[in-house]
Amino acid sequence: MNPSEAAQLLAHCAAFDNRTVGKADSRAWAAALNDLPLDNDTLAAVARFYGTPSDKPGERLWIQPHNVRAHRLAIRKARLGETMPAYEPPLELETGAEFIRRRRAQLDAVAAGLRPGTPVGELTGGPAPEVARRLAALGEVGRAVGDVTPEELATEAALEEGEVPASEEVAAVHRPGPLGVECPNCKAAIGRPCSIGVPGDLRRPRVLKKPHAARSRVAMGGPAELESAEEIAQRRAASLARLEQMSANAAEREASGE
């Protein structure tokens, strides 16, 4: 906005508040609103300000540059709506810079009232065929333990109440994924989430959101332990021997005064 345009804006304000307008006023308002154009939204901001009653009864309204800026922004935000309009991509591929430039132009056009905003469409249908095929191959591997279906909740409740015969328990709760096998770590039964607790602690064990890694390996056909019990014992013995040797060497150096 230049001083000439600011003078036009001040003349519009004067129609509401009978102010006098001079060259100094025009220059000051142009400096304060140098990034705003003199358009219909700017003029509407003045009308919106004077059309809104003051919070203090009897107070005389007197618009300032910051009031013009705030009310103009409110007018443009109202056109954009509660949610941002959907982006309308071009038919050809675009770069990141082109997307940003086109997106800003679309939002500016909607905010200015030059075009209606395209509402964000609802996602319908299932996943792409290739994605669906891969998900079907994976089964429920990776599903959070807390994501239990109502049918599974009813089955677990029936098991707790003893309403499902013992011969049907495994078939009733069995499902693909880590919960389809017994956990070799915490001994959680098939269909039950993994938990962790402290030996001797009478409090209820804490249910884990994800199954133990060993359970996931077993469900995928792998070993429960990455090392055998014998290999673990050998590795621990070697580490202890190494620590003892290091301690002995340190004691010898201290005794010799090194």
Engineer: If only atom types and distance count, is the side chain of Arg215 paired as donor or acceptor with the main-chain N or O of Pro178 below 3.5 Å?
Structural biologist: yes
Engineer: How many angstroms lie between OG in Ser195 and NE2 in His212, if you round to the nearest 0.5 Å?
Structural biologist: 7.0 Å
Engineer: Just by modelled atom types, is the Pro89 backbone N or O under 3.5 Å from a matching donor or acceptor in the Arg102 side chain?
Structural biologist: no
Engineer: Got a sec: does the CG of Asp39 have more than 12 other heavy atoms crowding it under 6.0 Å?
Structural biologist: yes
Engineer: Using a side-chain heavy atom cutoff under 4.5 Å and only I, L, V, M, F, W and Y, what cluster partners does Trp29 have?
Structural biologist: Met1, Leu9, Leu10, Phe16, Val21, Leu33, Leu36, Leu38, Leu43, Val46, Phe49, Tyr50, Leu61, Ile63, Val68
Engineer: Would you compute the distance between atom CZ of Arg242 and atom CG of Leu240 and round it to the nearest 0.5 angstrom?
Structural biologist: 13.0 Å
Engineer: Within the supplied structure, the quantity of interest is the number of heavy atoms (other residues, nucleotides, ligands) at a distance under 6.0 Å from Leu93 CG; does it exceed 12?
Structural biologist: no
Engineer: Are the side chains of Pro184 and Val218 in contact, using a 4.5 Å heavy-atom criterion?
Structural biologist: yes
Engineer: Go through it in stages, so that I can follow the logic: the residues are Arg115 and Gln106, the test is side-chain contact (heavy atoms from CB on, under 4.5 Å), and I'd like the CA-CA distance, side-chain angles, deciding distance and then a yes or no.
Structural biologist: CA-CA 9 Å; Arg115 55 175 291 183; Gln106 291 179 8; 3.9 Å; yes
Engineer: Which one of Arg48, His71, Arg76 satisfies the side chain to side chain donor-acceptor pair (under 3.5 Å) criterion with Asp41?
Structural biologist: Arg76
Engineer: Between atom CZ of Arg103 and atom CD of Glu94, what is the distance when rounded to the nearest 0.5 Å?
Structural biologist: 11.0 Å
Engineer: Do any N or O atoms from the side chain of Arg19 and from the backbone of Ala14 form a donor-acceptor pair under 3.5 angstrom?
Structural biologist: no
Engineer: Looking at side-chain heavy atoms only, is the closest gap between Leu208 and Pro193 below 4.5 Å?
Structural biologist: no
Engineer: So, taking the atom named SG in Cys194 and the one named CD in Glu182, what distance separates them when rounded to the nearest 0.5 Å?
Structural biologist: 10.5 Å
Engineer: Side chains of Pro37 and Arg72, heavy atoms from C-beta outward: is any pair under 4.5 Å?
Structural biologist: yes
Engineer: Would you confirm whether Ser26, through its side chain, and Ala6, through its main-chain N or O, come within 3.5 Å as a donor-acceptor pair?
Structural biologist: no
Engineer: Might you point out which heavy atoms bring Glu59 and Ser54 nearest each other, and give the distance in Å?
Structural biologist: OE1-OG, 2.5 Å
Engineer: Under a 4.0 Å N-O cut-off, is there an ion pair linking Asp17 with Arg60?
Structural biologist: no
